[in-house]
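Below, each value reflects all heavy atoms present in this structure, side chains not excepted, and no hydrogens, waters or symmetry copies. Numbered from 1 within each chain, the chains take letters A, B, ... in sequence-line order.
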Amino acid sequence: MTRMLSLLFGAAMLLAGAAGPVHANPIHSANGLGLTIPDDAGIVMGMGGAGAADIHSRNLIYANPAILAGVKNHSFAIGAIYRRNQVFYGGAENPIYTSFDPVLFQLSLPAWRGIVVGWRLAPLTYTDSVIGFDGDTWTDRVEVTGGINRSSVALAATVFTRLHVGISYDYNFGMIQEDWERTFESSSDLQGLYTQIKNQYKGDSFTFGGVLSLPRNISIGGGYTTESDLDETIDVRPGSLSNPEQRFGSGSGAVPSSWRAGIAAGIGPLFTAALDYTTAAWSDAARTPGQKALFVDSYAVSGGVRYTPDEDQELFYLRFPAALGVHVRRLPNRSYPILEPVMERAVTAGIEFPLGGDMGSVVTALEYGLRGDKGDNGWEETYIRAAVTLVGTIK
Amino acid sequence: MIRRIWGAAACIAVSALLACDTGTDNAVTGDFTEISPSGLVTGAVAPDSLTITDTYARKLATLNVAFAGNYGEQKSFAVHAFNVRYADLDSLVGVVLRFSLVKKWTPENGAVEFEVYDTTPDFPDTNRIDPADFPITPDKRVASVSDTTDLNFSIDPAIIKAWPGEGAFLLQGGPGNETMISVQSDDASSPPRLLLISNTAGEVDTTTVVSIRGAYHVDTALGDTQGIVSEINGTGYILSMPIPASVPRFAVFNKATLTFTPEQATVPDSPFVVTIVPLIAAFDQNNILVDTVRTLIVEVLPDTPVTVDLTTILNGWHIAKAKNLGLLIRPSELSITPNQAVFAPRDSLRFTYTPLPEASR
């Protein structure tokens, strides 16, 4: 237990160190609620994001709470991700954005007769960008930070051996903050200003899921998440930081309903293949005129293969579970000002490093992808995501 | 084959971590976001909407100076009361009324002539005295001087003996006087005093009686004109300045200026400094509360308009939740010099502001 606490502390320190830098995302991440974070924590990221039907204790997706039924020991998971995007706007510079952010904290507690209780805290969307605007005599600089988070309490159970079911209550909350700074040319006698706008959101939803094990080592599964209407309050601190914060008004937002279905199959004793289809009705979630113009139903097709070593494997390189995958996604936000859907294509790989003494494992994954298209969207970017997740056993 | 895959994966991972550009902070043009800033908006408040809603007048009965004499059209007199109830008046043989001069203002070769009148010691209004309460007639004129080097007035002892315990003297300029003076008043270290000279069985003794009350009155010669700022009279005014309803609730002023034009200015003693400060409580002559942080100081010169920057004050009212209770405009120094002017806005309040960014709203 002491060793486990040390590991947990170490991971927490890692995440604390990852708090900066902020505003490290491309400017299009400031649109709408921000960029969505793929639901692919744990071994799923290495498999291209496929895992809706894959009962496995290192599968940490939230789209199907029935997956939680695969957890046999009290455990926790804590993960972080490094992202590096290089954007091509067609100008002289191709800016690079990097960040290192926490992606989840999860507790999984097997309770009684195959019933597992779980709690998870994870970000759903993020913004974090810095944008510049030039006027005739002034320059605006706006930092957009924050996003929507989800806190889920889940219950999963195994029914009739082959059927796993799960349900979770999701509390969605967060804040997107805009910090506007206006400066004037030195020859101007106008005073610059700083204005802070805080958009706070809260709402809830439910997620239902199931996985059915079929003959020939095949399983099918999926999950459905209800739409979450978000209450929005807008507070403004106009003029300068020393001025009092004041209520601007209220509004609404939404995290859309989504569903995800998949199939997983064992290929021999060492390999597992999985294929997922995910879609979210973002067009129904649009509230503001800007969102109605930008939001588009998102979908993703993900597929991957996982290698699980034989316990008797003697070759060092082959002792570690590993995965390869690909995915194609359509993002929830259209590009701006060219209002066209944005496509994402990526290849992924993952390696799992088991810890000694049945303490759990460190799951790593790497993704390289292309997002957008200069011709269709006005910009495109290449990106790398490198994730590290510690899945530990609580003894 | 599998080893090659592992090797390639390891190379990619190491390359990615080595390429960590942490701290990248690129600000890029916002052409690719729906977020957009707001432009600048200009506007003005017509002079008619800038109204003088009250008059500030400092108490003149509790000062350590008093004014007397003439400067230009200004006229002033000072009254000081004395209590001689406990003095031995039976053997009184001589009386001297002595003032301590603080400063004088006189035109080149200006005439100096001051005279003292016997008057009533009763002050119906202890804050400001009314000339009607202190009538003077030629028969009450008791002494005069034509030099301010020695402000000693010889008084007939009979006048003092006739007082019913208390009496008062009024000091003012004579008919040909062209000089204004300030003297130490009853609250000063060297107040006006009576030197009572007595002779008891050939032994001459002098008793000093200091003033127990004092005040002065000024006729500014500006009548009921609005917008008077007067050091000598300790007066100013409250300027009400509404922000137009067309300015959005969360707009931030980038510039707001108002031009004051001095008229009928009398400035014998530069600099004439005026304070412009927002009130933080409804104006109460006896308890004036102002926002000292947002105080503006300007110098008034005759015939020279003064433009003041009210940006911070307007932002305080508009976005910092400070109540717009108007501006107190008064001399920075009170009762120090004869400086005064009609100092009021004659032009529009002009402003430029930035509305709240249109981001996501």
task: Measure distances from Tyr368(A) to the heavy atoms of chain B and classify the residue's part below 4.5 Å as side chain, backbone, both or neither.
output: neither
query: When rounded to the nearest 0.5 angstrom, what distance separates OH in Tyr56(B) from CD1 in Ile329(B)?
result: 13.0 Å
field: Side-chain H-bond candidate by donor/acceptor type, Thr257(B) with Asp309(B), under 3.5 Å
entry: no
task: Measure Asn31(A) against the heavy atoms of chain B and call it side chain, backbone, both or neither at under 4.5 Å.
output: both
query: Would you say the side-chain atoms of Thr53(B) and Thr51(B) include a donor-acceptor pair closer than 3.5 Å?
result: no
query: Quick one: what part of Thr352(B) sits under 4.5 Å from any heavy atom of chain A, side chain, backbone, both or neither?
result: side chain
- request: Output all residues satisfying ring pair (Phe, Tyr, Trp, His ring centres under 6.0 Å) with Phe353(A), sequence neighbours left out; order by chain, then residue number.
  value: Phe320(A)
field: Heavy-atom pairs under 4.5 Å with chain B, option from Asp140(A), Leu193(A), Asp134(A) with the top count
entry: Leu193(A)
- prompt: Using a heavy-atom distance cut-off of less than 4.5 Å, which residues of residues 310-322 of chain B contact chain A?
  reply: Thr311(B), Thr312(B), Ile319(B), Ala320(B), Lys321(B)
message: Please classify the contact of Asn333(A) with chain B as side chain, backbone, both or neither, using a heavy-atom distance under 4.5 Å.
response: neither
task: State, without any angle test, whether Asn377(A) and Arg371(A) hold a side-chain donor-acceptor pair at a distance under 3.5 Å.
output: no
query: What is the minimum heavy-atom distance between Gly239(A) and Asn243(A), and which atoms define it?
result: CA-ND2, 3.9 Å
query: Salt-bridged, Glu232(A) to Arg287(A), with N to O below 4.0 Å?
result: no
- prompt: Given that the side chain runs from C-beta out, which part of Ile338(A) has a heavy atom under 4.5 Å from chain B: side chain, backbone, both or neither?
  reply: neither
statement: Bottom line for Arg182(A): the part with an atom under 4.5 Å from chain B's heavy atoms is side chain
Within residues 291-308 of chain B or reaching into it, pairs that qualify as side chain to side chain donor-acceptor pair (under 3.5 Å) - sequence neighbours excluded: Thr259(B)-Thr307(B), Asp291(B)-Arg294(B)
message: For Asn287(B), is the CG atom crowded, meaning more than 12 foreign heavy atoms sit under 6.0 Å from it?
response: yes
- line: Residues at least two apart in sequence or cross-chain that pass side-chain hydrogen bond (donor to acceptor under 3.5 Å, both in side chains) with Glu367(A), listed by chain then number, are Tyr383(A), Arg385(A)
message: Which atoms of Thr137(A) are under 4.5 Å from chain B, going by heavy atoms: the side chain, the backbone, both sets, or neither?
response: side chain
